[in-house]
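All values derive from a computational prediction rather than experimental measurement. Count residues from 1 along the sequence.
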Amino acid sequence: MRKLAWFSAFFAAATLLAIYLLPSRWWMVAAVLALVPMFASLHWSGKLRTRVLLASVGLVLGFVWCHCYQTVFVQPAEAAFGEGVAFSGIVQDTPTETEYGISVTLSVDSAEGANFLAKVYLDADYQSLSPGDRVTATGTVKTADVVRNEKVYYNAAKGIYAIISSVKEIGVTYKSSTPLYLLPAVWASAIQEKIQSLFSGDALGLLEALLTGDQDLLSDSLYTALRRAGVAHIVSVSGLHVMLFAQILLKVPGSQRVKRLLALPVLVLFALLTGCRPAIVRAVLMETLFLLAPVFGRENDAPTSLSFALLILLLQNPYAVAGVGLQLSFLSVLGIELVQPRLHQAMENWLEPIRRKRKLFRFCYGVIDLFGTSCGALLLSTPLCACYFGSVSLVGVLTNLLVLPVLGTLFGLALLCVLCSFLWWPAAELLAIPCKYISLYIVGVSRTIGSFNFAALSTDVTAYAIWLVFLYVLILLAVWWEPMRKYPALPCSVGVISLICAIVIHIQTTLNAPVTIAALDVGQGQCIVAFSEGAAIAIDCGGNEDNPGDTLADYLQGLNRSSLDALILTHYDSDHTNGVEELLSRITIKTLCLPASEETNQQSICALAEAYQCEVVFVTEDRLESFGCGTLTLFAPVDQEDTDSNNAGLSLLLSYDTLDFLVTGDMDIATETALLEREQLSDVEYLMVGHHGSKYATGEALLSALTPEVAIISVGYNTYGHPTEETLARLAAWDCTVYRTDEDGTVFVKLGESE
């Protein structure tokens, strides 16, 4: 029995319970309750006694350690919460660019003498800050656990327990020399500068992420392609990279014993240079045990190594258990350990007829082994990806088979290239050439496979979520039920057939009305898509949740569509347009309809349209178009000379039979009134509430003329107070049924749907 694995599992269970479920005041109570089975087990004997004893000790120590950690590291940060708080701290990393300036991590000195890590937001003027500098200022200190009114754990998983904003009275004391413990952060910054000097475009983004874990230079379109293709893990520095690094070190000529010992400090340095992410630390610890086992004449035991790594990580920071990277990393390794031994045993029988043909045998063995590794990594991590990211890739195994064989070569060449850049620049430039082409191969494969319809499925779709649950039921049956084990083709066939059924059901239930309209949940923004008898249009494409272009493209491809007849932009504000570039890169758009106002953003959108060969139409007068079995009326701007782009935008009416759906963009109440007078609008059943529920839109005159039955508000986290109480009160007064994307998710309107 693996005692360390058993103990570590319950220690981890205690930290999970403490962080996710139990309030901190109950942690010590839980520790006391966990003592009961421990004392009871003292009267038992055999394996059961040992297991219960280890489990109880693991639970007790887990809860006690969480309490101690909270007292020492978290409570000093909580004590500093408030506005106008004076603080002083040492910069721990190089600045990261944000939308409004930069952010840095500070080790803040608390009033009680302890210190804590905080993420501090500053103006771009402080871009020159470097590790070791001291910042003294005042600001608003708040919890790092709540972002956009949602509970999050990614900051705590990194040991950051406070966020400081609204910083004033800033004073900086620049270091005379960098403290020793911060040197890896300085070296990492120097490596990034070399990479940026050697590469550009997609190759730069891929290689910087591959070597350092920094994904800031990855374009949205490339990351989306990697995600949909199922290989986004190659740009999140993890166990794969540590394994590749260790293999490279062991291939250097020399004594195996010496190489294994020398590899350890190099692996530790690699972990420091990549920020000591939990997934990296886990991999380094496991690789350390793997390297040392032969040196001391021991067998390497993967479950024990995995448990040891988990225990060390949780002792360093119990909140690390809530980190998505750590969870995915451990589940991937555990899945591989479950699959590979059985696969290797089966391969001995499968490949026995070709064993004498060594080259063919090695090739087949390598392909099957890679296939098994990919399947194992996905086995346990896929449900977690579905929960966290809302999608699962169907092509991940295929893409991994095409990408992973060259990834090790690219990783080794890129490391050598960076090393040469510090020693002899011409050699680095020479090595950069194959690195560039291998990178472009990986990018090309990912973009091609990721562009397929149904390459990834959204688990927000009920049919796909049910299919995923059904698939795992099949997997369990295939493992535990004898008839399924005898005929492995049976569960595979059932899984494929059920997937096809899920796709058909989703398409049929979504498009079962003459005109179907969906207001997608894109956060604070607007993105609407409509379908009718094979025709499809989108109205706006902007928001602040991930990339709205991805959201719309994923939605369309989930319905087996890769084109739009038209994209209509009501106006040029970013919350209505910031997803256009990504959408154009993935979906073919025949016509782009725009208002003719003179906006800076108009030029960039027209340039994108030209690059993707999309016809541009400026709407200067009303247009009536057929739309499937319905009609689309585009209303020209009420006042094209209005300096406010919100009021110089387009509005539109989708109609089928006697049913209407009106979109007014972000126009204000006065412009709504002018539109009513010009177009004589009345009796509209469905209203897209203007300006995300602003009090300056959706006025009494509009509601009085239209008398809408259903009002839809496209809104997300914002600091404007949208939707306002005034607007909600007006809608309630007119007895409108209100749906909100922030509360209801994607909202559907079906014109002419049969009861």
Asker: Taking all non-hydrogen atoms of both residues into account, name the closest pair between Ala386 and Val392 and its distance.
Answerer: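 The pair with the smallest heavy-atom distance is CB-CG1, 3.8 Å.
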Asker: Looking at Leu728 and Arg740, what are the two nearest heavy atoms and their distance?
Answerer: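 Scanning both residues, the minimum pair turns out to be CD1-NH1, 4.3 Å.
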Asker: Should Asp554 and Arg586 count as an ion pair when the cut-off is N to O under 4.0 Å?
Answerer: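 Counted as a salt bridge, because a side-chain N and a carboxylate O are separated by less than 4.0 Å.
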Asker: Could you pull out the closest heavy-atom pair between Ser694 and Thr724, with the gap in Å?
Answerer: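 Minimum heavy-atom separation between Ser694 and Thr724: C-OG1, 3.8 Å.
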Asker: Is it true that, when you exclude Tyr100 itself, more than 12 heavy atoms of the residues, nucleotides or ligands shown sit nearer than 6.0 Å to its OH?
Answerer: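 It does not: Tyr100 OH has 12 such atoms or fewer within range.
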Asker: Do Leu468 and Thr382 make a side-chain contact, defined as non-hydrogen atoms from C-beta onward lying under 4.5 Å apart?
Answerer: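 In short, these two side chains touch, coming nearer than 4.5 Å.
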Asker: Does the pair Asp109/Arg134 count as a salt bridge with the N-to-O cut at 4.0 Å?
Answerer: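 Yes, Asp109 and Arg134 are salt-bridged.
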Asker: For a 4.5 angstrom cut-off between non-hydrogen side-chain atoms, does Ile164 reach Thr140?
Answerer: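 No; the side chains remain at least 4.5 Å from each other.
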Asker: Taking all non-hydrogen atoms of both residues, which atom of Gln526 and which atom of Ser714 are closest, and how far apart?
Answerer: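 Of all heavy-atom pairs spanning Gln526 and Ser714, the closest is CA-OG, 3.6 Å.
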Asker: Do Asn544 side-chain atoms and Tyr717 backbone N/O form a donor-acceptor pair below 3.5 Å?
Answerer: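 The answer is yes, because a donor-acceptor pair under 3.5 Å joins these two groups.
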Asker: Can you confirm whether the side chains of Thr136 and Ser88 place a donor and an acceptor under 3.5 Å from each other?
Answerer: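 Yes, a side-chain donor-acceptor pair sits under 3.5 Å.
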Asker: Please determine if Arg227 and Asp220 form a salt bridge, counting it only when a charged side-chain N lies under 4.0 Å from a carboxylate O.
Answerer: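 Salt bridge: no.
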Asker: Indicate yes or no: at least one non-hydrogen side-chain atom of Phe330 is less than 4.5 angstrom from one of Leu313.
Answerer: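 In contact.
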Asker: With side-chain hydrogen bond (donor to acceptor under 3.5 Å, both in side chains) as the test, would you mind laying out the steps for Asn317 and Tyr69 before giving the verdict?
Answerer: CA-CA 8 Å; Asn317 177 8; Tyr69 188 91; 3.3 Å; yes
Asker: Might you confirm whether atom CZ of Phe10 has over 12 heavy atoms from other residues, nucleotides or ligands at distances under 6.0 Å?
Answerer: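 For Phe10, atom CZ is crowded (more than 12 foreign heavy atoms under 6.0 Å).
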Asker: Working to the nearest 0.5 angstrom, can you tell me the gap between Leu222 CG and Gln215 CD?
Answerer: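 The CG atom of Leu222 sits 10.0 Å away from the CD atom of Gln215.
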Asker: Any side-chain heavy atom of Val324 within less than 4.5 Å of one from Phe389?
Answerer: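 Val324 vs Phe389: side chains touch.
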Asker: Tell me which one of Asp575, Thr577, Thr570 satisfies side chain to side chain contact (heavy atoms under 4.5 Å, CB included) with Asp573.
Answerer: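 It is Asp575, the one option of Asp575, Thr577, Thr570 that forms the side chain to side chain contact (heavy atoms under 4.5 Å, CB included) with Asp573.
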Asker: Could you tell me if the side chain of Thr96 sits less than 4.5 Å from the side chain of Ile102, heavy atoms only?
Answerer: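 Heavy-atom side-chain distance check fails, nothing below 4.5 Å.
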Asker: If I take atom CD1 from residue Ile160 and atom OG from residue Ser107, how far apart are they, to the nearest 0.5 angstrom?
Answerer: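 One finds 11.0 Å between CD1 of Ile160 and OG of Ser107.
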Asker: Give a yes or no on this: more than 12 heavy atoms of other residues, nucleotides or ligands lie within 6.0 Å of atom CD of Glu582.
Answerer: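 Yes, because the 6.0 Å sphere around CD of Glu582 holds more than 12 heavy atoms from other groups.
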Asker: Pair Tyr121, Ile163 - check side chain to side chain contact (heavy atoms under 4.5 Å, CB included), show working.
Answerer: CA-CA 8 Å; Tyr121 291 92; Ile163 290 176; 3.6 Å; yes
Asker: Ring centres of His571 and His691 under 6.0 Å apart?
Answerer: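 No; His691 has its ring centre 6.0 Å or more from that of His571.
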Asker: Evaluate side-chain hydrogen bond (donor to acceptor under 3.5 Å, both in side chains) for Asn718 paired with His692, printing each intermediate quantity in order.
Answerer: CA-CA 10 Å; Asn718 65 90; His692 321 289; over 6 Å; no
Asker: Please determine, by modelled atom types, if Asp521 and Thr746 share a side-chain donor-acceptor pair under 3.5 angstrom.
Answerer: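 Short answer, no.
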